[in-house]
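Heads up: numbering here begins at 1 and tracks the sequence.
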Amino acid sequence: MAMRRFYNEIKGLRVKELPDHIKPMLSVDYAKKAVERGLENYHAKYIQTSSIDPLLHVCFGGMIFSYLVALPEERRHLEHAKHAKEQGH
């Protein structure tokens, strides 16, 4: 939805006007405010309503994070096994 809103904002702009429109969005203050707004929306949507979803977000996020951390080692292991199989060991 954010991409759609951004696209609709820039759709009517001329190419010369685009940098002036985008430049304020690339500042640190804008990023901080966007993160703060997102956290406030998350709090209002899930925390204040006593939803179980934050627990699920933590569980699934932890699973994805652990998978991504272990992925390079698993790829090395599979590459080593493939190389050993090619060598006949």
Nearest 0.5 Å, what's the CZ-CE distance between Arg5 and Met3? 11.0 Å
Following the transitive rule for hydrophobic clusters with a side-chain heavy-atom cut-off under 4.5 Å over Ile, Leu, Val, Met, Phe, Trp and Tyr, establish whether Leu26 and Leu13 coincide in one cluster. yes
Using the side chain to side chain contact (heavy atoms under 4.5 Å, CB included) criterion, which residues pair with Ile52? Sequence neighbours excluded. Leu55, Leu56
Is there any ring-ring contact (aromatic ring centres under 6.0 Å, His included) pair reaching into residues 20-52, and which pairs are they, with sequence neighbours excluded? Tyr42-Tyr46, Tyr42-His57, Tyr46-His57
For residues 17-41, which residue pairs qualify under salt bridge (Lys or Arg N to Asp or Glu O under 4.0 Å), counting only residues two or more places apart or in two chains? none
Between Thr49 and Ala44, the two heavy atoms sitting closest are CG2-O, 3.9 Å
Going by side chain to side chain contact (heavy atoms under 4.5 Å, CB included), name the residues that satisfy it together with Leu68, two or more places apart in sequence or in a different chain. Ile64
Suppose the criterion is salt bridge (Lys or Arg N to Asp or Glu O under 4.0 Å): which pairs have a residue in residues 44-73, not counting sequence neighbours? none
The side chain to side chain contact (heavy atoms under 4.5 Å, CB included) partners of Leu71 (sequence neighbours excluded) come to Tyr67, Arg75
Quick one: are Glu9 and Met25 in side-chain contact, heavy atoms under 4.5 Å? yes
Could you work out, with side chain to side chain contact (heavy atoms under 4.5 Å, CB included) as the rule, every residue matching Tyr7, not counting sequence neighbours? Lys11
Those residues that, when tested against Phe6, pass ring-ring contact (aromatic ring centres under 6.0 Å, His included) (two or more places apart): none
